[in-house]
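Data first, discussion second: the structure below is written as structure tokens.
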Amino acid sequence: RGVKMAALRRGLGALSHLLPLVQNNASRSFSVIQLASRFTTISACHVPSPTISTVTKLGSSLEYRFVYAHKLAALKSMAPQAPSFQQPARTLTYCSIRKGKRKTVKSVVKRFLRLHCGLWLRRKAGYKKKLWKKSADRKRRLRQHVFCNKTQSKLLDKMTTEFWKRRNWYVNDPYQKYHDRTNLKV
């Protein structure tokens with residue numbers, strides 16, 4: 001183990017001497033950055049993390065490891081990175097890859113119902129969780145459907161496309177009388 005640590009210290013020491021060279025010549029020479037990026041494959045993961053017992057045993061050698069780890073991180077940050085052409089991992093796709101259109105978040109369509117007047121219906125939270133310890137009245141209240149508020153409705157409208165906002169005529173629709181709001185401001 002001591003031989004590995006000595007080799008690691010020597011390697012990190014060599015990298016600390018290369019750091020000013022890379023900083024000075026980074027704009028002029030791309031080969032120096034490539035050289036530095038090859039050296040950054042050395043990882044300091046086998047350097048033990050400082051705990052109270054190692055601090056008292058190791059003393060000043062711990063701060064050397066800490067300084068070299070920071071220099072290694074600085075070299076890694078200067079290494080050229082390949083550009084990523086992936087979309088960010090979000091639930092809402094603003095621009096699809098094939099046609100460039102917005103996409104609907106499918107979990108919204110599964111969990112909520114949109115009325116034609118713009119209101120959204122949802123189930124109450126926890127309606128199927130730990131029913132063994134809930135009273136009968138509480139279970140009955142949890143089975144009820146409730147309306148989303150204005151902020152939630154606007155957010156859900158943004159997460160769905162126009163296809164889900166059109167009026168649908170279903171046979172024996174239980175929500176038929178709720179699709180149009182009467183005597184209420186929109």
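Given the structure is predicted, the values throughout are model-derived calculations rather than measurements.
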Next on the checklist: Using modelled atom types and a 3.5 Å cut-off, is there a donor and acceptor pairing between side-chain atoms of Ser135 and backbone atoms of Arg138?
Outcome noted: yes
Next on the checklist: Quick check on the hydrophobic clustering: are Val146 and Leu113 connected, directly or via other members, by side-chain heavy-atom contacts under 4.5 Å?
Outcome noted: no
Item to check | Single-linkage hydrophobic cluster, 4.5 Å side-chain cutoff, Leu156 and Val105 together | outcome: yes
Item to check | Nearest heavy atoms of Arg167 and Trp169, plus distance in Å | outcome: CD-CZ2, 3.0 Å
Checklist entry - Can Tyr175 and His145 be said to form a side-chain contact (heavy atoms from CB on, under 4.5 Å), step by step? => result CA-CA 11 Å; Tyr175 301 104; His145 290 75; 3.9 Å; yes
Checklist entry - Do Phe112 and Leu121 come within less than 4.5 Å of each other through their side chains, counting heavy atoms only? => result no
Checklist entry - Do you know which two heavy atoms are closest between Lys165 and His116, and how far apart they sit? => result O-ND1, 4.1 Å
Checklist entry - Stepwise, does the side-chain contact (heavy atoms from CB on, under 4.5 Å) test hold for Leu92 with Arg102? => result CA-CA 8 Å; Leu92 177 63; Arg102 284 175 80 101; 3.3 Å; yes
Checklist entry - Quick one: are Ser107 and Lys110 in side-chain contact, heavy atoms under 4.5 Å? => result no
Checklist entry - How long is the span from the CZ atom in Arg143 to the NZ atom in Lys124, to the nearest 0.5 Å? => result 12.5 Å
Checklist entry - Would you say Lys139 has more than 12 foreign heavy atoms packed within less than 6.0 Å of its NZ? => result yes
Checklist entry - Would Thr160 and Thr104 count as having a side-chain donor-acceptor pair, cut-off 3.5 Å? => result no
Item to check | Worked check of side-chain contact (heavy atoms from CB on, under 4.5 Å) between Asp173 and His179 | outcome: CA-CA 10 Å; Asp173 187 8; His179 280 292; 3.1 Å; yes
Item to check | Check: Ser153 main-chain N/O paired with Arg114 side-chain donor or acceptor under 3.5 Å | outcome: no
Checklist entry - Tell me, do Cys148 and Leu119 make a side-chain contact under 4.5 Å, heavy atoms counted? => result no
Next on the checklist: Does Asn168 form a side-chain contact (heavy atoms from CB on, under 4.5 Å) with Arg166? I'd like the steps, not just the answer.
Outcome noted: CA-CA 6 Å; Asn168 289 313; Arg166 67 172 206 252; 3.3 Å; yes
Checklist entry - Between Gln152 and Asn149, is there a donor-acceptor pair closer than 3.5 Å when you use the side chain of the first and the backbone of the second? => result yes
Next on the checklist: Is the shortest side-chain heavy-atom distance between Asp157 and Trp120 below 4.5 Å?
Outcome noted: yes
Checklist entry - Counting only N and O atoms by type, is there a donor-acceptor contact under 3.5 Å from the side chain of Lys134 to the main-chain atoms of Arg140? => result no
Next on the checklist: Does any part of the side chain of Arg181, heavy atoms only, come nearer than 4.5 Å to the side chain of Leu115, both counted from C-beta?
Outcome noted: no
Checklist entry - So with a 6.0 Å cut-off around NZ of Lys103, is the heavy-atom count from everything else above 12? => result no
